[in-house]
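First comes the structure, then the notes that go with it.
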Number of protein chains: 2
Amino acid sequence: MNTPRVSRESVLDAAMRLVEEQGFEALSMRRLAAELGVAVTAIYWHVGNREALIAQLVDRVLAQLGDVAPAGRSPRQRIIAVGKALRRMIHDHPHVIALVYEHGRTALMMLPAERALAREVGAAGLDGRRGAVVVRAVLHHVVGYVLLERAVRRGPEQHPTTAELWRDADEIGIEPGLARELGRPVDQDRLFELSLRALVDGLLR
Amino acid sequence: MNTPRVSRESVLDAAMRLVEEQGFEALSMRRLAAELGVAVTAIYWHVGNREALIAQLVDRVLAQLGDVAPAGRSPRQRIIAVGKALRRMIHDHPHVIALVYEHGRTALMMLPAERALAREVGAAGLDGRRGAVVVRAVLHHVVGYVLLERAVRRGPEQHPTTAELWRDADEIGIEPGLARELGRPVDQDRLFELSLRALVDGLLR
DNA sequence: ACCTGAACACCGTTCAAGT
DNA sequence: ACCTGAACACCGTTCAAGT
């Protein structure tokens, strides 16, 4: 009886490395096997099939993520802080969101932040119905924003550049100063913070 | 000289049908060929390779989408109307967003709505810098919201159901009435409209 | 308990060859 | 100009067989 060549953990480790270094689409059973120096079918013994492997990867990653820590004096400030922390957390683990999104477990990823928001909203003294709307609206705004950031960033070098798209804008009734501004690249950090603040202000009014 | 068996258009038609009926992942060159009753390689002659095929599909779909029509009396109402129309448009073409998202051309899909928003924001009398923030914040909110809706809807029947997730909430400092409310299913239409209104209110203040 | 090898049914893509 | 067939390098998965 000789020691096992791989284990569930070593398979997950290698899979995680593959995803982090080469992206989600590089994760194939055969490449994984080659990486581990083992026959493809050995992997199946340890983790089941590909879908199960990904599920276990998602579980592991979600466990690592950790809670978001709110900071600030007023409930309003703390709600905004949770939103910013959530975005930062997702940004710090770009491979995670691909994995989680592709496997349809976004709702679970958002749960810690949802709870943190619920605490702050409760502290702000809102009743259940109005409070739930605030929690969910903020949560949706933040996560949706990050998903879109990802989608747009992934875009190829656009054939028509952003500036060109707005060159003819005044001909179709768009104010020139506005068109010029919209032709510039977006400062995502600034836009995120401004829109989050506006949303929270609108919700707490 | 006999007539061609397929054309660029017939290939795109068949590909579109495949995506609409069986989803994006069902679109393979070989299946497409089988559907058309032709050798796989014939497709390559007409559309290039798979990536090029998808690009042409995206172009065609974006051309079909049409503009969003604003309605309402005040600029504020019209901005909200554009946001709602954009979400409806994306919802009406669920296969489109998969295609566009997967191919990184989300920014182009948003352009008509962005222009409609720019007109309304200009009419509201905001200057360039502030107006651009409003346009982009609303646009990001709406599209991000829809992307997240998609992600969450795709989630498998969660092992822990939503209600269970909030059962122990009061033990970790969450107000019971709020926890009960968060355990209920989300009314997406209502939440979308409320959060959009709040965002616009916060932005126009 | 743990691993291999062969086999099956799929992929996308290239290339020489046919009409 | 338009299409075929063979070939190559990939996939995920199952199954019988080995130790």
Side-chain angles (χ1 to χ4, degrees), chain A residues 1-60 95 98-99 101-105 154 156, chain B residues 1-60 95 98-99 101-105 154 156:
Chain A
M1 56 169 277
N2 34 19
T3 58
R5 313 196 42 173
V6 289
S7 64
R8 212 186 71 101
E9 263 67 38
S10 71
V11 170
L12 290 179
D13 286 344
M16 202 66 221
R17 254 203 351 264
L18 218 49
V19 171
E20 279 171 2
E21 289 172 7
Q22 317 201 34
F24 181 72
E25 64 284 354
L27 177 59
S28 83
M29 301 301 266
R30 294 181 120 101
R31 232 190 265 206
L32 198 49
E35 203 84 12
L36 290 162
V38 93
V40 206
T41 42
I43 298 178
Y44 282 80
W45 198 91
H46 287 285
V47 297
N49 58 13
R50 186 166 190 267
E51 208 189 336
L53 166 65
I54 295 174
Q56 292 170 64
L57 229 42
V58 170
D59 284 340
R60 177 191 264 215
H95 54 284
L99 215 54
Y101 184 80
E102 230 65 37
H103 210 242
R105 301 195 49 187
R154 219 173 31 177
Chain B
M1 55 168 279
N2 34 18
T3 58
R5 313 195 43 172
V6 289
S7 65
R8 210 185 73 101
E9 264 66 38
S10 70
V11 171
L12 290 179
D13 286 343
M16 204 64 220
R17 256 206 347 266
L18 219 48
V19 171
E20 279 171 1
E21 289 172 7
Q22 318 200 35
F24 181 72
E25 64 284 352
L27 177 60
S28 83
M29 301 300 265
R30 294 181 120 102
R31 235 189 263 206
L32 197 51
E35 203 84 12
L36 290 163
V38 92
V40 207
T41 42
I43 298 178
Y44 283 81
W45 197 91
H46 287 283
V47 297
N49 57 13
R50 186 167 191 266
E51 209 189 337
L53 165 65
I54 295 175
Q56 291 170 66
L57 229 42
V58 169
D59 284 340
R60 176 191 265 214
H95 54 283
L99 214 56
Y101 184 81
E102 230 66 38
H103 210 242
R105 300 194 50 185
R154 218 174 32 177

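So that the names make sense, note that chain A is the first sequence line, chain B the second, and so on, each numbered from 1.
One finds a side-chain N or O of His46(B) lying less than 4.0 angstrom from the OP1 or OP2 phosphate oxygen of dC3(D).
Applying the salt bridge (charged side-chain N to carboxylate O under 4.0 Å, His left out) rule to pairs touching residues 30-57 of chain B yields Arg17(B)-Glu35(B), sequence neighbours excluded.
Here the side chain of Arg105(A) pairs no donor or acceptor atom with the backbone of Asp59(A) at under 3.5 angstrom. In this structure, the side chain of Gln56(A) does not engage the main chain of Leu12(A) through any donor-acceptor pair within 3.5 Å.
For the strand DNA chain C, secondary-structure stems (runs of at least three Watson-Crick or G-U pairs, all distances below 3.5 Å) span C:4-8 with D:12-16, C:12-16 with D:4-8.
The interatomic distance linking Arg5(A) (CZ) with dT4(C) (C1') rounds to 10 Å, in whole Å. In this structure, CD1 of Ile43(A) is placed 15 Å from C1' of dG5(C), rounded to the nearest angstrom.
Interface residues of residues 8-23 of chain B facing DNA chain C, ordered by number: none; criterion, heavy-atom separation under 4.0 Å.
Side chains of Arg60(B) and Glu9(B) form a contact here, defined as non-hydrogen atoms less than 4.5 Å apart.
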Protein-proximity profile, nucleotides 8-19 of chain C, B/S/- by nucleotide at the 4.0 Å heavy-atom cutoff, equals ---BBBBB----
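With rounding to the nearest 0.5 Å, the separation of CG in Leu18(B) from CG in Asp13(B) is 12.0 Å. Note that the CZ atom of Arg5(B) and the CG atom of Leu36(B) stand 9.5 Å from one another [nearest 0.5 Å]. Between atom NE2 of residue His46(A) and atom CG of residue Leu53(A) there is a gap of 12.5 Å, rounded to the nearest 0.5 Å.
Outside the 6.0 Å centre-distance limit, the rings of Phe24(A) and Tyr101(A) are not counted as a close aromatic pair.
Partners of Tyr44(A) according to the side-chain hydrogen bond (donor to acceptor under 3.5 Å, both in side chains) rule, which considers only residues two or more places apart in sequence or in another chain, do not exist here. Remark: His95(A) pairs with Glu20(A) by the side-chain hydrogen bond (donor to acceptor under 3.5 Å, both in side chains) rule, at least two apart or across chains.
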